[in-house]
Amino acid sequence: MKDAALVSRLRADLLAWYDGHGRDLPWRKGARDPYRVWLSEVMLQQTTTAHAAPYYARFLELWPTVADLAAADDGAVMAQWAGLGYYARARRLLECARAVVRDHGGRFPDREDALLKLPGFGPYTAAAVAAIAFDHPANVVDGNIERVMTRLYAIATPLPAGRSEVRQASAQWVMAQRAGDWPQALMDLANQVCRPKSPLCLLCPLNAACVAFRAGDPDRYPAKLAKAPKPRRHGVVFVVTDGVSVIVERREGKGLLGGMLGLPHSDWQAEGGEVAVKHMFDLTYQTFGAYEHVFTHFALTQEVWLARVSVDDFSDVLRRHNAYQALPLAEVKALPTVFAKALKSLLSLDLAAG
DNA sequence: TACCCGTGGCT
DNA sequence: TAGCCAAGGGT
C-alpha cells in the first residue's frame with residue numbers, strides 16, 4: 001500500500017493530466033446519460049474505441065433511448081451489431097433494455113449492486129456505469145487499470161489470480177471527488193502512456209510512485225498465464241443465390257454466433273477430421289478458394305461452394321426448407337464477418353450473370 | 001478455475 | 001506470419 005497523502009497528490013496530478021490530454025471520444029460528448037454510458041461500455045468490452053465508435057453512433061441514431069431499444073426488433077438489433085463480435089453482448093443488451101423498462105420504470109438504477117443484477121452487467125460494467133453515469137466512487141477495474149496497478153505496485157502474481165491484489169490497489173485511489181472522471185483518466189493514461197508495450201514512463205504523472213518504473217522493467221507487468229494454443233479447423237460454406245439474395249438461417253442458441261444470421265455450412269472439423277459435405281439443398285455447386293477466419297479459440301479455414309440458381313429454383317429451396325430465409329446481397333452487413341468474408345470472396349463474380 | 005465467445009489492427 | 005492486444009461476462 002502507498003502513503004495516503006502521496007496517493008491524494010498524484011491523483012490530483014493525473015486528473016490535471018486528464019483535463020489536458022484526455023481523449024475526445026463520442027460517448028464523452030454532452031451530458032452523462034446512463035443509457036449512453038451503458039451502451040458505450042458494452043460496445044467497448046474487448047473492443048477498440050475505433051471499432052466501436054461507428055456502431056455507437058448508429059445505435060443512438062436508431063434507438064435514442066433505452067425505451068426505444070427495448071421496443072426494437074431482435075433481428076434488427078442483431079443485424080446492427082454484426083461485425084462487432086461477441087454477439088452475446090447484443091442479446092444481453094436487448095434483455096437488459098427490456099429489464100430496465102419492465103423492472104425499473106425505464107431508468108437505470110444508480111447503485112452498483114442493483115446494476116450488477118442486470119443482464120450483461122459484470123463487475124466492470126456495473127462499477128463503470130455507477131462511476132461515469134452517476135458519479136459514484138466505485139472501484140472500476142478493467143484491463144487498462146489492471147495494467148496501471150500491476151506496474152504501480154509491482155504486482156507479480158499472474159492474472160487472473162492477481163486480480164484481488166489489483167482490486168485492493170485500485171481501491172486505494174477511489175475517492176468521492178471527480179469519481180466519474182477518475183477511471184476514465186486511468187484508462188486514458190493506460191492507453192496513451194502506460195501502454196502494454198514500451199510505456200512512456202517519463203511522461204507519466206504517476207511515475208514517482210511506480211515501483212515497476214523505479215525497477216526499470218514496466219514491461220514485466222501485468223504477468224499473465226500462458227495461453228492455450230489455438231487449434232485449427234476447416235469446413236465448407238454454401239452460397240446459394242439467385243443473383244439478388246442469398247440463403248441464410250437464423251442461428252439458434254447461445255453459443256458461437258448465436259442469434260445471428262448465417263450462411264449454411266458444414267461442420268467445422270478439427271485438423272485431420274473428415275468434413276462431411278453433403279450437397280446442401282441437393283444443389284450442384286462450383287467450388288472456389290478457401291479463406292481464413294480467426295475466432296477467439298480456433299482458426300477456421302473455409303472453402304466456398306457456390307450455387308447460382310434461377311429465381312424459381314431459389315424460391316423452391318425456400319419453400320422446401322422452412323428454417324432458411326433470403327437475405328438481399330445488398331444487406332451483407334447483417335452477417336457476422338466469418339460469413340461476410342465468404343460473399344466478399346465472390347465479389348469479383350457477377351452473381352446475377354450466368 | 002478454465003473455458004467459451006469475434007474482430008481488426010499492429011508488430 | 002503468428003501472436004498480441006482492445007473499456008469483459010457467463011457458465
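So that the names make sense, note that chain A is the first sequence line, chain B the second, and so on, each numbered from 1.
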* Would you indicate whether A/K2, at its atom NZ, is surrounded by more than 12 heavy atoms from other residues, nucleotides or ligands within a distance under 6.0 Å? =>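 Counting neighbours around NZ of A/K2, more than 12 heavy atoms of other residues, nucleotides or ligands fall under 6.0 Å, so yes.
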
* If you draw a 6.0 Å radius around CD in A/Q325, do more than 12 non-hydrogen atoms from other residues or ligands fall strictly inside? -> yes

Rounded [atom1] spacing from [N] to [M] in Å:
| N | M | atom1 | result |
| --- | --- | --- | --- |
| B/dT11 | C/dA7 | P | 16 Å |
| B/dT1 | C/dA6 | C1' | 23 Å |
| C/dT1 | B/dG6 | P | 24 Å |
| B/dC5 | C/dA2 | P | 23 Å |

* Compute the ring centroids of A/F281 and A/F238, then answer whether they are less than 6.0 Å apart. => no

* Quick check, are the ring centers of A/F59 and A/W81 under 6.0 angstrom apart? ->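 Yes; A/W81 has its ring centre under 6.0 Å from that of A/F59.
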
Using whole Å, report how far [atom1] of [X] lies from [atom2] of [N].
| X | N | atom1 | atom2 | value |
| --- | --- | --- | --- | --- |
| A/L300 | B/dG6 | CG | C1' | 13 Å |
| A/R163 | C/dG9 | CZ | P | 10 Å |
| A/F295 | B/dC4 | CZ | C1' | 13 Å |
| A/L84 | C/dG9 | CG | C1' | 15 Å |
| A/L116 | C/dG9 | CG | P | 9 Å |
| A/Y291 | B/dT7 | OH | P | 10 Å |
| A/K333 | B/dG6 | NZ | P | 21 Å |
| A/Y87 | C/dG9 | OH | C1' | 17 Å |

* Asked: Under 4.0 angstrom, heavy atoms only, what part of the nucleic acid is A/V338 near: base, sugar-phosphate, or nothing?
  -> sugar-phosphate

* To do: Give A/G83 one of three labels, base, sugar-phosphate or nothing, depending on what nucleic acid heavy atoms sit under 4.0 Å from its own.
  =>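 Contact class for A/G83: sugar-phosphate only.
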
* Comparing A/G85 and A/A228 on DNA chain B - which has the more 5′ nearest nucleotide -> A/A228

* Nearest nucleotide by nearest heavy atom, which residue falls closer to the 5' end of DNA chain B, A/P160 or A/G258? ->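 Mapping each residue to its closest nucleotide by heavy atoms, the 5'-most match is A/P160.
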
Could you check whether the rings of [X] and [Y] sit parallel, tilted or perpendicular, using 30° and 60° as the cut-offs?
| X | Y | answer |
| --- | --- | --- |
| A/Y153 | A/W173 | perpendicular |
| A/H321 | A/Y324 | perpendicular |
| A/F295 | A/F298 | tilted |

* Asked: Can you tell me if the side-chain N/O atoms of A/H293 get under 4.0 Å from OP1 or OP2 in B/dT7?
  ->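 Looking at the OP1 and OP2 atoms of B/dT7, one of them is under 4.0 Å from a side-chain N or O of A/H293.
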
* Closer than 4.0 Å, any side-chain N/O of A/H297 to the OP1 or OP2 of B/dC5? ->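 Affirmative; the distance criterion is met.
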
* Asked: Any idea which heavy atoms bring A/D219 and A/P199 closest together, and the distance?
  ->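 For A/D219 and A/P199, the tightest heavy-atom pair comes out as OD1-CD, 3.8 Å.
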
Sub-3.5 Å pairs of nitrogen or oxygen atoms, protein against nucleotides 4-8 of chain C:
residue, atom, partner, partner atom, Å
C/dA6, OP1, A/R147, NH1, 2.4
C/dA7, OP1, A/N144, OD1, 2.2
C/dA7, OP1, A/N144, ND2, 2.2
C/dA7, OP2, A/N144, OD1, 2.6
C/dA7, OP2, A/N144, ND2, 3.3
C/dA7, O5', A/N144, ND2, 2.4
C/dA7, O4', A/D142, OD2, 2.8
C/dA7, N7, A/E41, OE1, 3.3
C/dA7, N7, A/E41, OE2, 3.2
C/dA7, N6, A/W27, NE1, 2.7
C/dA7, N1, A/R23, NH2, 3.3
C/dG8, OP1, A/G143, N, 3.4
C/dG8, OP2, A/Q46, N, 2.7
C/dG8, OP2, A/Q46, NE2, 2.9
C/dG8, O5', A/Q46, NE2, 3.3

